[in-house]
Amino acid sequence: MAPSALTPPDEDFPRWYQDVVAKAEMADNGPVRGTMVIRPYGYALWERMQAEMDWRIKRAGAQNAYFPIFIPESYFAREAEHVEGFSPELAVVTHAGGEDLAEPIVVRPTSETVIGEFMAKWVQSYRDLPLALNQWANVVRWELRPRLFLRSSEFLWQEGHTAHASYDDAHAYALTIHHDVYDEFLREVLAAPAFLGIKPPSERFAGAVNSLTLEGMMRDGKALQMGTTHELGQNFSRAFNIVFQTEAGGSGLCYTTSWGASTRLVGGLVMMHGDENGLVVPPRLAPIQAVVLSVRDDATLLEAAARLRDGLAGEGVRVELDRGRASFGRRVTDWEIKGVPVRVEVGPRDLEAGQATLVRRDTGEKEAVALGAVPTRVGALLEEVQRALYERARRFRDERTVEVGSVDEAAAAAQEGFARLGWALVDGEGEARLREAAITVRCLQRADGSVPESPDEEGLVCIVGKSY
RNA sequence: CGGGCUGUAGCGCAGCUUGGUAGCGCGCUGCGUUCGGGACGCAGAGGUCCCGGGUUCAAAUCCCGGCAGCCCGACCA
């Protein structure tokens, strides 16, 4: 076995992460600090995430729209907590068209304000509600410590924004997004088990009355927030005057929500499933699910490989034929680094036996399959890999999530993973003590793991850990 | 934004202490032999030594100021 092209993850996890992102040709740093150039393979992964989230978002009743990247600074000032929370991260345009601007323009860090302004215009009657919008966009949050995908000054995301006639309706919608869009996407496509819960007040979105979160565990034991949904109460409706005429003829103030998932998920994918040989992409997400490669640059083999490619494509497998001229071993490692779930190898010995060799990326296991059976077998294998990745990630997470009985125990246990303990033990001073150990409360749950209504419910537990 | 480390070919690095012709490995190009887990031979191409200023006959090397990257912290999707 050749030496790995990557820094071993156990030796230096951040370095390993960078190696994977670079060698899998996912992204490069941009010329301005914190900016990111997303390369075709990285973007293909994001496009797959977009496609899988987009239809679920539409299924949840939201429509796509687009709002401007430039927002009047005065909009931010209208919601006190919001402006306070985002001010440090804003990029502001003060000069344009060769002149100083009368009013500075903010480059959007998120779009609650501008969308709120237009919701106020569009919502007249209870019949206009709920109003559910989503946009796919770039946003800018000036980052002091950027990392490719995980924390860049400009990133891509979807942001959903909804307005409802009642608290109950807004709350129910937030839960729908939380479960039926984000959690379902994470579980079924990204093979990513997450802890679902709500943020403690200290970790809430600026301007929200409640923030729901999905927290995944990376292979270094740290937490990554993989999606959030905010109940904004009437804070933004009040600030932007999103009012409607009620069925009874009175006047109502909307309840709004906002929710987002970003290109950070691409980084999460790397860190949740990757291994010492590079990226490992869950089949349902993979832009390339299977790659067919002939062991030699030989006309007969290439022809057989092309037939296999056609057969797989015919079964709906996203398949690519490797026509590279590099040595076989080199081509294998290159596809491994990119995390393609299944390799279909065909060599002279295979051909003689009328078979191909299938190799799964997650375990490295090989199996010989008759040529005619390859498409069917690959389809089944992809599903097996999908399940196995989820199970492996879930086991890993559960093994590193320990129940503890005090803040001190939590501080020790959460160095290598998560700790779970009573929220009452942490609420208040405990949070500050954990923070000294670089540990934060990732989410609050009920004892049975379900999502609570508010941090004030009795008997809640919290999951704490280090985070990205 | 604070502390630490670093910037030399696409990538990884040596050279800097003690100023004097810019190097190595991988990658890249061409030809040939190869190909069942990062192949090999021969011949080549490729450099504003991060940027700006200063010292000097002379700066990759010394001094000052920026910019960028990485790690740790505070902040965050």
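Chain naming here is simple, since letters A, B, ... match the order of the sequence lines and numbering starts at 1 in each. Since this is a predicted model, take the numbers as computed values, not measurements. Heavy-atom basis, side chains included; hydrogens, waters and symmetry copies ignored.
- You'll find that the side chain of A/Asp350 is closest to B/G36, out of B/A77, B/G36, B/G37.
- Between A/Pro348 and A/Arg264, the residue whose closest nucleotide on RNA chain B is further toward the 5' end is A/Pro348.
- Looking at the side chain of A/Val332, the nearest of the listed nucleotides B/A39, B/C75, B/G37 is B/G37.
- A/Val20 places none of its side-chain heavy atoms less than 4.5 Å from the side chain of A/Gln18.
- Rounded to a whole Å, the CZ atom of A/Arg296 is 13 Å from the C1' atom of B/U33.
- The separation of B/C5 from B/U48, taken at their P atoms, amounts to 29 Å, rounded to a whole angstrom.
- Among the protein residues, A/Asp298 comes within range of no part of the nucleic acid, since none of its heavy atoms lies under 4.0 Å from any strand.
- With a 3.5 Å ceiling on both atom-pair distances, the Watson-Crick or G-U wobble partner of B/A39 is B/U33.
- Classification of the A/Trp259-A/Tyr173 ring pair by plane angle, with boundaries at 30° and 60°, yields tilted.
- Closest to the side chain of A/Arg349, out of B/A77, B/G37, B/G36, is B/G36.
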Just the atom pairs and distances: protein N or O near nucleotides 70-74 of chain B's N or O, under 3.5 Å.
{"unit_1": "B/C70", "atom_1": "O3'", "unit_2": "A/Gln18", "atom_2": "OE1", "d": "3.0"}
{"unit_1": "B/C72", "atom_1": "OP2", "unit_2": "A/Arg145", "atom_2": "NH2", "d": "2.3"}
{"unit_1": "B/A74", "atom_1": "OP1", "unit_2": "A/Arg435", "atom_2": "O", "d": "3.3"}

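- Residue contacts shown for A/Gly34 are limited to sugar-phosphate atoms, with no base heavy atom under 4.0 Å away.
- The nearest whole Å value for the distance from the CZ atom in A/Phe86 to the P atom in B/C76 is 10 Å.
- Going from the C1' atom of B/C26 to that of B/A60 covers 22 Å, rounded to whole Å.
- Across all strands shown, B/A60 forms no Watson-Crick or G-U wobble pair with both key distances under 3.5 Å.
- The P atoms of B/A58 and B/G23 are separated by 23 Å, rounded to the nearest whole Å.
- Between A/Arg330 atom CZ and B/C28 atom P there is a gap of 7 Å when expressed in whole angstrom units.
- In this structure B/C16 sits in no base pair that meets the Watson-Crick or G-U test at under 3.5 Å.
- Nucleotides B/G20 and B/C49, compared at atom P, are 15 Å apart to the nearest Å.
- Residue contacts for A/Thr229: at a heavy-atom cut-off of 4.0 Å it reaches no nucleic acid atom on any strand shown.
- When both distances must be under 3.5 Å, the Watson-Crick or G-U wobble mate of B/C70 is B/G4.
- Using modelled atom types, one side-chain atom of A/Gln445 and one backbone atom of A/Leu196 make a donor-acceptor pair closer than 3.5 Å.
- In summary, A/Glu336 and A/Arg343 engage in a salt bridge, as defined by a charged side-chain N under 4.0 Å from a carboxylate O.
- Taking side-chain N and O atoms only, A/Ser327 has a distance below 4.0 Å to OP1 or OP2 of B/A39.
- Between the side chain of A/Lys366 and the base of B/G37, at least one donor-acceptor pair of N or O atoms lies under 3.5 Å.
- The same atom, C1', is picked in B/C11 and in B/G3; the two are 29 Å apart, to the nearest Å.
- Stacking between A/Phe155 and B/A77 is shown: the ring centroid lies under 5.5 Å from the centre of the six-membered base ring, and the planes differ by under 30°.
- Following rounding to the nearest Å, A/Arg331 (CZ) and B/A39 (P) show an atom-to-atom distance of 10 Å.
- A salt bridge links A/Arg442 with A/Glu215: at least one charged nitrogen is closer than 4.0 Å to a carboxylate oxygen.
- Put simply, CG on A/Asp334 is 12 Å from C1' on B/G27, counting in whole angstrom units.
- A/Gly260 comes within 4.0 angstrom of nothing in the nucleic acid, heavy atoms only.
- Residue A/His82 is tested with A/Phe240, A/Tyr75, A/Phe205 for a ring pair (Phe, Tyr, Trp, His ring centres under 6.0 Å); the sole match is A/Phe205.
- If you check B/G44 for Watson-Crick or wobble pairing at under 3.5 angstrom, you find it paired to B/C28.
- RNA chain B is contacted by both A/Ser262 and A/Gly347; A/Gly347 maps to the nucleotide lying nearer its 5′ end (nearest heavy atom per residue).
- Taking the P atom of each, B/G4 and B/U21 are spaced 34 Å apart, rounded to whole Å.
- As rounded to the nearest Å, B/U8 and B/C13 have P atoms that lie 9 Å from one another.
- Ring centroid separation for the pair A/Phe236 and A/His161 does not come in under the 6.0 Å cut-off.
- Taking the centre of each ring, A/His164 and A/Tyr255 stay at or above the 6.0 Å mark.
- With respect to A/Arg33 and A/Glu143, no salt bridge is recorded, no charged nitrogen being found less than 4.0 Å from a carboxylate O.
- Rounded to an integer number of Å, the gap from A/Glu84 CD to B/C76 C1' is 15 Å.
- Atoms CZ (A/Arg343) and C1' (B/G37) sit 8 Å apart, rounded to a whole Å.
- Here A/Thr357 lies in heavy-atom contact (under 4.0 Å) with a base.
- The separation between A/Arg325 atom CZ and B/G30 atom C1' is 11 Å, rounded to whole Å.
- Rounded to whole Å, the separation between the C1' atoms of B/C50 and B/U6 comes to 12 Å.
- Between the side chain of A/Glu159 and the main chain of A/Ser111, a donor-acceptor pair closer than 3.5 Å is present.
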